[in-house]
Amino acid sequence: MSQIEDASKIVDRVEDATERIGNYLVDLFQFVALFVIGATVVWSAVHAYWGMVERGSANVEDILLLFIYLELGAMVGIYFKTSRLPVQFLIYVAITVMTRSLASSLNITEMPETRLIAITGATLILAISVLVLRYASHRFPPFVSHTESDQVADKLHD
């Protein structure tokens, strides 16, 4: 029996070590990927801003583009600090993209009615979804993933 128990303990130790290595590799990948994504957002924002400087002006569409970069940067920062993807920021980006699409039309009266209704309807649906998410996040407790520490879980349940 002792050989079986010894083998079982060895298997348990190997499984624990494998799980720790796997979690470390996932965390490392997320860390590197966040830096790459963050650097790409900053690089793209600087490039867009430099284009505005070279032109000597910025229109509403350009400013909305900078807001998109700001929201993406904030989303990366929040994910980096909390290991949670802020879905609301993705929706804010989508709303800003829709608004930018409307602003890019030189004359809204010449825009086909179906496109105008589609863009404004999609914006309304996205805005309602933000309200639903905000309500749900205040009404229901957040999900704690396996990657979060026990301290975070304890704080959420207190």
Look up atom [atom1] in [X] and atom [atom2] in [Y], then write down how far apart they are to the nearest 0.5 Å.
X    : Y    : atom1 : atom2 : answer
L133 : Q88  : CG    : CD    : 5.5 Å
D62  : R55  : CG    : CZ    : 4.5 Å
L102 : T120 : CG    : OG1   : 7.0 Å
L72  : S44  : CG    : OG    : 9.0 Å

Using every non-hydrogen atom in the two residues, find where [X] and [Y] come nearest and quote the distance to one decimal.
X    : Y    : answer
V36  : T40  : O-OG1, 2.7 Å
V41  : G73  : CG1-N, 3.9 Å
S101 : I119 : OG-CD1, 3.4 Å
L66  : A45  : CD2-O, 4.1 Å
R100 : E61  : NE-O, 3.1 Å
P86  : I78  : CG-CG2, 3.8 Å

> Out of F29, F80, Y79, which one pairs with F35 under the ring pair (Phe, Tyr, Trp, His ring centres under 6.0 Å) rule?
Replying inline: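 So the option named by the test is F80.
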Hphob cluster co-occupancy, [X] + [Y], side-chain heavy atoms under 4.5 angstrom:
X    : Y    : value
M75  : F31  : yes
I68  : W50  : yes
L116 : L126 : yes
Y135 : Y92  : no
L64  : I95  : no

>> Could you check whether atom CD of E113 has more than 12 heavy atoms from other residues, nucleotides or ligands sitting under 6.0 Å from it?
In response: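 No, because the 6.0 Å sphere around CD of E113 holds 12 heavy atoms or fewer from other groups.
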>> Other residues, nucleotides and ligands only: do more than 12 of their heavy atoms fall within 6.0 Å of CZ on R139?
In response: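 12 or below, so no.
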>> As a test of understanding, state which of I91, L124, V87 forms a side-chain contact (heavy atoms from CB on, under 4.5 Å) with S129.
In response: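 Result for side-chain contact (heavy atoms from CB on, under 4.5 Å) with S129: I91.
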>> Just to verify, which of I125, V93, T123 counts as forming a side-chain contact (heavy atoms from CB on, under 4.5 Å) with M98?
In response: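 The residue from I125, V93, T123 that satisfies side-chain contact (heavy atoms from CB on, under 4.5 Å) with M98 turns out to be T123.
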> Between the side chain of D27 and the main-chain N/O of Y24, is any donor-acceptor distance below 3.5 Å?
Replying inline: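 No; judged by distance alone, with no hydrogens or angles, the pair does not exist.
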>> For a side chain to side chain contact (heavy atoms under 4.5 Å, CB included) check, start with the C-alpha distance between L65 and T96, then their side-chain angles and the critical distance, and finish with the verdict.
In response: CA-CA 8 Å; L65 180 61; T96 307; over 6 Å; no
> Can you check whether V60 reaches T99 side chain to side chain, under 4.5 Å on heavy atoms?
Replying inline: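 The answer is no; the side chains never approach within 4.5 Å.
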> Taking the six-membered ring for Trp, are W43 and H47 parallel (under 30°), tilted (30 to 60°) or perpendicular (over 60°)?
Replying inline: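 The arrangement is parallel - the two ring planes meet at less than 30°.
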